[in-house]
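Order of the sequence lines sets the chain letters (A, B, ...), proteins ahead of strands, with each chain counted from 1.
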Amino acid sequence: MPEEYVSLEVRLGLSTSKPVDSKRAEFHAELLKLLFPKTKRWHHIGGTHCIPLSHHDCDWNPDELVVKVCKTIQQEKVDDRAISCCIIDFSGNSWVSLREVLIDLFFKRVLEIYKTSSCRHLLILLPRCPLAGSLSYDRILHTQAELEEKKLTLVVLGSSNGYLVVSGSGFAPPEWLGVAYVKLIRDLLERPEQKLESKLIRRLGHFRTIDTETGEGSCRIYSYCFLEGCDHEFLTLFTRWWRAHQGASDLILFDLKNNNPFRTALVSLRDKRRGLKVERIDDVIDNDEFARQLAAQYHKCLLVLDVVESGKTLRSYVIRLQDRKIDVYPQVVAAVNKAAGKDSPFDGFRIKGLVGRNPEVRMAVCSQCALGLPFTSDETEPYDRIRAFDMLTMAKHCGYAPEPQEEVPYGQKRYECLPDFDKMLEEYGDWIAYKIISILRKENMAFPLIVYPGEAQSTAVVERLQKTWGEESLIAVRVDQSLVRAAKDVGNEWARVRENPDHREQCNTLVDTLLNHGKDTSSVIVDVYWGSGSNCTSLERLLDYCGCNMFAYVCIVDFDPSESDLTHLGRPRLSLYKWYNPRPKV
Amino acid sequence: MKLSEENTLNSCLAIAHYLRQNRDENDKNAENVRGLLIKDLVRRVGYLEPADKAFWALFLWHDLLPNDARLAFANSGLTTDEVRRFVRFRRKKDIGIVTVIAEELEAVLIALGKDRNSLPDVDDPTGRYWFAAIPRNEGRPLSIVVTYVGAPRNVPCAITVSQMLAAFELEMVCMVGIAAGVQAKVKQGDVVWSLAVYDYEHCRLELQKKETGEKVSVRRERPYYQPAARQVVAAVRRLKEEAVRTCFRELALRAGQDTLLNQETAGEEYLSLHDGNIAAGEVLIADGSLQTMYEEVDNLIRAGDEDDSGFSQAASDQEIDWMIFRGISDYGDPDKPKKNEWHFRAALSAAATCLTFLKFHWRPRQAAV
Amino acid sequence: MFKSSVKVAEGIIPIKLDGVVLADKVENRLAEHYGAKFRRASADRRIEFHSICLDFRRAVYVDVAALVNCIALMADRKKRQLNTWIKYPRKKEVRDFFTVWRFPEAVALATGEAFQEFLDYDDRHYLQETQTTYTGRGGLLDGLEFDADWQQCSVSKRNFFEFTSFSSETGEAITPRGMFVASPRLESTRWAGELVKAVLEKHLPGASHSDEVARVVVYEAMSNAVRHPEARIIQTVSRFFPKMSARNVPTTGTASNIAKDIGKVAGTLRLCVWDDGEGIAETLRKPLVLGKSVRSISLPSFMLDRIRISLRDFEENELEERFFDQDTDPTASSPEHELLLSSLSPGITRTASEAVPDVEPYKPTEGQAGRMPILRSAPGMGLYALLRTAVDQLKGTLFIRSGRCRLLLELAPRTDPSVPGVRYTCKVTNYPSYYPQFHGNLLVVQLRTRG
């Protein structure tokens, strides 16, 4: 007889329950094998589900979590078969965002979970194991008496720092559990290379580079920047490279003016290894005395640069450093290598890019210069909105097409010709998401509640936002097209939609989700474009109905711009681009 | 909340560029796209000034003509480029600084952290402009555009200021330069800032008419006084001499003119600030008449030069705030040397005063440029 | 030059902040001033309206908590339309510290007035000078204190520890809603960055504790501030002062006295969170006066701790020793320090009595009947969690300044011979009634560094 188990994942910032992904489900099964080698077969019961935990509940209703967990377990239990083990997995969240009080109260009521599930073993997977002296640690230890009395086992596993076992049933974990678990969970997590790739944004604009040798300028339409918050990935990847090249040099010189995360990662290495020196190249080149000291001590340095493309900057650094009697290690690390793939030779050097991109075509004649358009900076976005040249570049590149039939709002006439937003989001979605996030950030909108109509294109925008900003940083609530349609039929009176038996269940879930997530957080409606604003009005009325505090409506293109930039109900209407082309009248 | 965006002209130019690219495509989709672009362009043009609108009307009409018709235009020498010269490409900056002679320009460039010989960032028939930013103690940095008249007298100065105001959207213009001072009140190296400009050319005429009649009142308001805006005067009044002196010392070191500082070590008080009226006319004051004007016409006069009337009138015409900082290089004596060793020193004093003012006391109205 | 005697006659009273300026020194100098004022009050009623001048001219080291104290004082005086002046330090390092920590900007934001308006006329030129003390070169900490590549548009801070202000543009009171709801989370995320983690790991005892500073200490301190009623601004600031090596400590002369004073802050990380809201004790007293309870949960035995209280006057003379048990329920007549201590006890919160139901925007329909609005059940555990992490886990000190009271909590020595079961010791300084109430609440966590 196989033994039964239930596994639940708790995800902070998720709006509604969704199935646990298969990779994580496999990980749970592997973990059971690791912990209970004697049990031959495990059978997973129920569907594996993520339990959504809103930021609001994490901060304000930490007590609710156990109730939710128990409720889900009850739903998972299809019949009265005995559950042997229960896995509750918090490991997909960042430890810093899980409040201590939440963890403490969770363990305070942990016995309720045994009671609901009637399991003997409870595995709690946390990003970190609580440390001695902390509130939650004491709380775990204080469950001991009751667990012993009832012969139950509690195993708390931290993703990086060991585990705690409180057992009343004589359960003894295998000796190698700590190491084996760390290996198991590392395989589950996304690789740092992929994470870093997804945080590299390609910006559009009119970027100017001056050739250091000839003094001549040339223009680019792309510039690359990394999102904040990827310092960990840089640190991991660079440390990995560093370990593989132990003999490189104890002196690292960097030029990372436009790459704050990499700079942070490098500087944080400074004191970690005895004798390692990390300095800005400019400090060495501009200060002869300092350069002399370094030359006497190190002779050789490792260069770390932001973007390497033509290699001219690299060459000029090499020459200037050699003038100061500092040799450059033949391998150079760059955040982005645009020369040719990730790893490429140049002038006797090997350039190792942590991310690779294709070289850019330089324009012999720059049409933006011909038009007299001002240059844009590599360091910062010139405007909140997208420039006309950039929007039309994207539109031309992605083509124009009639509005997809399924995107036409209910009761509205179709656009005959619009930029192909599907392609645009595919090609430039990272930058568009970055622009939207910048606007929201500027208004101090951290961890907003994003409400969006269920069409494919708006879903794509929100997915991009989640990918760029991080899933934990926003809560996205999708409002199904059928609901919006039903609302429009009854003059956007959502109370009436809920009365409609066809939509009642779906609508109740939606309203519950909004109530749960939108209590104190500001909510934002996100859409691809504003044609007549009918979708926006429906969603606005929904937010009003749920008592949510709506901050603004955000879209990529506003096809019916007005002076006031307000929605029909008077909320700010923020668009990345204004393009006068109102939806044709019916 | 207001989102920042590029100016309408630049967006029109970009749309026009793509419209041109689309011009020769004839399929249905291209026609739809053309419709989309034109609709948007026309609406944007609606927000422009009349002269710009005229250009875009011509452009649209011209650019959408069939190829052969357009060729006829080109052959006749009548193209939209002819018209485009009249279109104003106004860029936003916070402050415009006007200089007249080379020493003044050099002093200002040094004050703005640039090389004294740096080439202009824009050099076209409408003017020469240098760009810089002044970081401030609080808030965002100020964006600055500097221009150079290169010729004395009110008229060239007025033309330069008008051109600058046509090319840039500014909150205030400052004149930074040197002038002759009223010896009884100021000394060389001091700085006079303007309460008003007093145009003595016009004034003299009127004085002669009235000579036979009653005595001219010393502080009588006349149409020839061009007063500086009250809020600007209030802001400049907050300037502290010690702060200006510190700034001057730094600039002198930056300029590599340590000798300027050696003169200070004598312990004599140097670089005092004076508020007062500035006399400006078409004739260089080199006959000692400044002293007479101070005594007989207006005892608020502290300095005199030949550009400020044009400067203040051009700015006032466009309803732009202005302020004048004049370093005193001489006393307007008949025997003053042509190339005065005090020129650069006085210009640097004026630049230091202007810099200190902008850095610490001027608050821009606009949140960001 | 400023002639103090002349200006005093004109009504400006100098508060001399010389040498090593810690928060204690600011408070003591002010106490001297107010004490003197109190004694003279009957003779000269006008003295209330005297301007004071915080004279930093001879300061050699200024602690961040002292700066926050000054800001609180200035904001309070500004509100009461009393003038406060500042004389800037003559020591370049101290001026550079002010610049790099953005003290002038913090003053401006807290008072709504440009910093130069407070600065003595003769000192205003200092605001123009370029700082040279911090280069960002050297060790990890230097990189954190000054990012030489920092740009105005950066999301990160030039100095990680600098003053950060949270306030609404319209000057509305801060509530845990809208943009402020995320402030604690944002601030704690900032403290979870790689660089600061590396610094914490290097300097704090027990490398694995670095996350807990962000997750618990910063989060709960901010979260506590956001929830104070009537706060219009919250400011955070911190400073890491690494331990001085024995070679650098002067042993003789005036320098040795300074070194002794600096020794009080050397080897510590200080984190300050100040808000200008209603005092903690007052907030807690309100429901008690109405006869309501502030205890939200009953406590398990491991949370019932005893605190040894040492009551002092501001000259540090011990007046009395008492004990306080964490299960003691505060009453409307409890002294201020007991209410403050209660706020650290588990399960004590003003919201326990308020039991604010969440907005109920729709009428329960079928199937929703019997669905109760969810009660706010963050049951006053935040500050307790903070206490456990900062004091128990990280062996630090917790300092609270609010109203007329100052608390300093530490772990009690392991073997207290006299009373068993004492977990913490708490020094309480009660300020006399002539000393003005502290403007808002200041929470300082001090963590000792390794070695």
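- In this structure, CG in B:Leu36 is found 11.0 Å from CD in A:Glu416, a value given to the nearest 0.5 Å.
- Interatomic distance, A:Ser367 OG to B:Gln21 CD, rounded to the nearest 0.5 Å: 7.0 Å.
- The two residues A:Pro382 and B:Ser4 make their nearest non-hydrogen contact at O-OG, 4.4 Å.
- In this structure, the separation between CG on A:Leu373 and OG on B:Ser11 is 9.5 Å, given to the nearest 0.5 Å.
- The greatest number of non-hydrogen atom pairs below 4.5 Å with chain A, out of B:Asn29, B:Asn22, B:Asp40, is found for B:Asp40.
- At a 4.5 Å heavy-atom cutoff, A:Pro402 makes no contact with chain B through either its backbone or its side chain.
- Applying the 6.0 Å contact sphere to CD of A:Glu406 captures more than 12 heavy atoms from other residues, nucleotides or ligands.
- B:Arg43 has its side chain within reach of A:Pro561: a pair of non-hydrogen atoms, C-beta onward, lies under 4.5 Å apart.
- Rounding to the nearest 0.5 angstrom, the gap separating the OG atom in A:Ser575 from the CD atom in B:Glu5 is 8.0 Å.
- B:Leu41 has its side chain out of reach of A:Tyr580: every pair of non-hydrogen atoms, C-beta onward, lies at least 4.5 Å apart.
- Judged by distance alone, the side chain of B:Glu6 and the main-chain N or O of A:Ala388 form a donor-acceptor pair under 3.5 Å.
- Using a 4.5 Å cut-off between heavy atoms, A:Tyr577 contacts chain B through its side chain alone, with no backbone atom that close.
- Looking at A:Trp579 and B:Leu37, their side chains come closer than 4.5 Å, going by heavy atoms from C-beta outward.
- Rounding to the nearest 0.5 Å gives a distance of 11.5 Å between CZ of A:Phe389 and CG of B:Asn10.
- If you measure heavy-atom distances from A:Thr393 to chain B, the contacts under 4.5 Å come from both the backbone and the side chain.
- At least one side-chain heavy atom of A:Leu392 sits less than 4.5 Å from a side-chain heavy atom of B:Ile15.
- Of the atoms belonging to A:Glu443, it is side-chain heavy atoms, and not backbone ones, that fall under 4.5 Å from chain B.
- For chain B, no part of A:Tyr415 is nearby; none of its heavy atoms comes within less than 4.5 Å.
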